[in-house]
Amino acid sequence: MPEMPEVETVRRGLEEIVVGKTVASVTVTWPRIVQAEGGLEAFENRMPGQQLMKVGRIGKFLLFYWTDVVWIAHLRMEGKYLYEKQDTPVDPYTHVICHLTDGNDLRYRDVRKFGRIHMVDKADTDAAIAQLNLGPEPADLNFEDFKARLMRTKRPIKAVLLDQSVVAGIGNIYADEILYEAKVHPQQIGASLYDHEITAIIEASRDIIQAAIAVGGTTIRTYTNTFGENGHFANYLKAYGQTDNPCQRCGTPIEKIKVAQRGTHYCPHCQTIHE
DNA sequence: AGAACTTCCTGATCGC
DNA sequence: TGCGATCAGGAAGTTC
């Protein structure tokens with residue numbers, strides 16, 4: 001599932017191969033994926049002639065800056081952008097296609113149809129981004145602000161890390177990795193965290209996200225980048241998906257539990273709960 | 001206001 | 001072996 005490192009990898013791929021291309025027409029076969037003022041019709045009417053100027057990212061959202069509209073897009077679980085020749089057969093999981101003037105397509109493929117492409121007027125970009133209500137990214141976490149936010153919640157830390165308004169970009173895989181690295185129990189209540197644990201979480205967030213970006217993200221099940229390549233961070237996972245495998249620090253088998261309705265992996269010896 | 005629950009989707013996996 | 005039930009999960013919407 002794409003989290004910030006995977007989205008960043010996709011962004012870099014799109015920058016490399018799609019920036020500069022111009023849309024001739026669009027085909028949408030699952031309308032719910034596209035959200036635009038004026039609906040699908042506005043999207044279909046507006047996109048032809050748009051040239052992709054650059055691709056940005058905020059948290060797990062991709063930002064496609066076209067000539068005079070912007071897409072604020074989310075891959076959710078399995079969304080992918082593919083750049084393919086127009087004579088390549090279109091599979092049933094492709095739901096949005098931008099036919100480009102260079103003879104290729106920019107295709108949005110999403111088996112579960114959870115992803116979204118929100119088109120806004122260029123002038124409304126800042127307001128639309130503000131509406132996402134995203135917190136700082138891991139690299140920009142500030143101890144005092146993060147602590148203040150933690151001190152007023154009774155939610156378990158795992159749920160807090162998944163809350164995009166607290167930290168933007170962390171999903172289920174990296175939340176488990178961060179808490180493992182910081183030696184904090186996923187069910188530890190936010191308001192009960194010690195300062196040294198908060199510091200450890202901030203540092204682990206920064207380090208793990210950065211390390212994952214450096215190797216192209218994590219491929220679990222289905223993620224690939226725009227070139228169809230896997231990310232390699234799965235080779236470095238120490239908690240996520242490691243159920244029953246020995247903890248790399250102490251050898252205790254990694255356990256899997258549910259926290260905030262999410263599958264959660266942790267070491268019951270290294271990550272213990274306290275008052 | 002904050003927190004929890006529901007919904008959207010479909011392929012993979014589980015249990016009998 | 002076969003088949004129905006359950007699981008996986010991010011964020012928006014709804015409810016309490």
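Predicted model only: the values in this text are computed from it and were never measured. First the proteins, then the strands, lettered A, B, ... as listed; each starts at 1.
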Looking at A:Lys258, I'd like to know whether one of its side-chain N or O atoms comes within less than 4.0 Å of OP1 or OP2 on C:dT6. no
Closest non-hydrogen contact found for A:Leu162 with A:Gly171 is CD2-C, 3.3 Å
Nucleotide by nucleotide, nucleotides 10-16 of chain C touches protein heavy atoms under 4.0 Å in the pattern (B base, S sugar-phosphate only, - none) BSS----
Residue pairs involving residues 195-214 of chain A (criterion ring pair (Phe, Tyr, Trp, His ring centres under 6.0 Å); sequence neighbours excluded): A:Tyr194-A:His196
Which pair of heavy atoms, one from A:Ile202 and one from A:Phe143, lies closest together, and at what distance? CD1-CA, 3.7 Å
Donor-acceptor pairs under 3.5 Å, side chain of residues 176-188 of chain A to any protein atom, not counting sequence neighbours: which ones?
{"unit_1": "A:Asp176", "atom_1": "OD1", "unit_2": "A:Lys158", "atom_2": "NZ", "d": "2.7"}
{"unit_1": "A:Asp176", "atom_1": "OD2", "unit_2": "A:His265", "atom_2": "N", "d": "2.8"}
{"unit_1": "A:Asp176", "atom_1": "OD2", "unit_2": "A:His265", "atom_2": "ND1", "d": "2.8"}
{"unit_1": "A:Glu177", "atom_1": "OE1", "unit_2": "A:Lys238", "atom_2": "N", "d": "2.8"}
{"unit_1": "A:Glu177", "atom_1": "OE2", "unit_2": "A:Lys238", "atom_2": "N", "d": "3.3"}
{"unit_1": "A:Glu177", "atom_1": "OE2", "unit_2": "A:Ala239", "atom_2": "N", "d": "2.8"}
{"unit_1": "A:Glu177", "atom_1": "OE2", "unit_2": "A:Tyr240", "atom_2": "N", "d": "2.7"}
{"unit_1": "A:Tyr180", "atom_1": "OH", "unit_2": "A:Gln248", "atom_2": "N", "d": "3.4"}
{"unit_1": "A:His185", "atom_1": "ND1", "unit_2": "A:Gln187", "atom_2": "N", "d": "2.9"}
{"unit_1": "A:Gln188", "atom_1": "OE1", "unit_2": "A:His274", "atom_2": "N", "d": "2.9"}
{"unit_1": "A:Gln188", "atom_1": "NE2", "unit_2": "A:Ser192", "atom_2": "OG", "d": "2.6"}
{"unit_1": "A:Gln188", "atom_1": "NE2", "unit_2": "A:His274", "atom_2": "O", "d": "2.8"}
{"unit_1": "A:Gln188", "atom_1": "NE2", "unit_2": "A:His274", "atom_2": "ND1", "d": "3.4"}

Could you give the CD-to-P distance, from A:Gln261 to C:dC7, as a whole number of Å? 12 Å
Would you say A:His269 has more than 12 foreign heavy atoms packed within less than 6.0 Å of its NE2? no
Atom NE2 of A:His265 to atom P of C:dC7: distance rounded to whole Å? 14 Å
To the nearest Å, how far apart are A:Arg109 CZ and B:dG11 P? 10 Å
How about CD on A:Gln131, more than 12 heavy atoms from neighbouring residues, nucleotides or ligands closer than 6.0 Å, or not? no
With sequence neighbours excluded, what pairs up with A:Gln35 under the side-chain hydrogen bond (donor to acceptor under 3.5 Å, both in side chains) test? none
Computed from five pairs at either end and rounded to 10 degrees, the angle between the axes of the helix from B:dG2-C:dC16 to B:dC16-C:dG2 is 60°
Base of C:dG9 paired with side chain of A:Arg112 (donor-acceptor, under 3.5 Å): yes
OP1 or OP2 of B:dT7 less than 4.0 angstrom from a side-chain nitrogen or oxygen of A:Lys113, does that happen here? no
Indicate yes or no for a side-chain donor-acceptor contact from A:Thr67 to the backbone of A:Met53 under 3.5 Å, with no hydrogens or angles considered. no
Looking at A:Trp30, I'd like to know whether one of its side-chain N or O atoms comes within less than 4.0 Å of OP1 or OP2 on B:dC8. no
OP1 or OP2 of B:dC9 sitting under 4.0 Å from any side-chain N/O of A:Tyr93? no
Just N and O in the side chain of A:Thr153: are any of them under 4.0 Å from OP1 or OP2 of B:dG2? no
Once you round it to whole Å, what is the distance between C1' of B:dG2 and NZ of A:Lys154? 11 Å
In whole angstroms, the gap separating C1' of B:dT10 from CZ of A:Arg32 amounts to 14 Å
At under 4.0 Å between heavy atoms, what does A:Gly263 touch on the DNA or RNA strands: base, sugar-phosphate, or nothing? sugar-phosphate
Rounded to whole Å, please give me the gap between NZ in A:Lys80 and C1' in B:dC9. 15 Å
Any chance the side chains of A:Thr88 and A:Arg107 put a donor and an acceptor closer than 3.5 Å? no
Between atom NZ in A:Lys158 and atom C1' in B:dA3, what is the gap in whole Å? 18 Å
With sequence neighbours left out, which residue pairs that include part of residues 193-202 of chain A fulfil the salt bridge (charged side-chain N to carboxylate O under 4.0 Å, His left out) condition? A:Lys147-A:Asp195
Can you measure A:Glu78 atom CD to C:dC7 atom P for me and round it to whole angstrom units? 18 Å
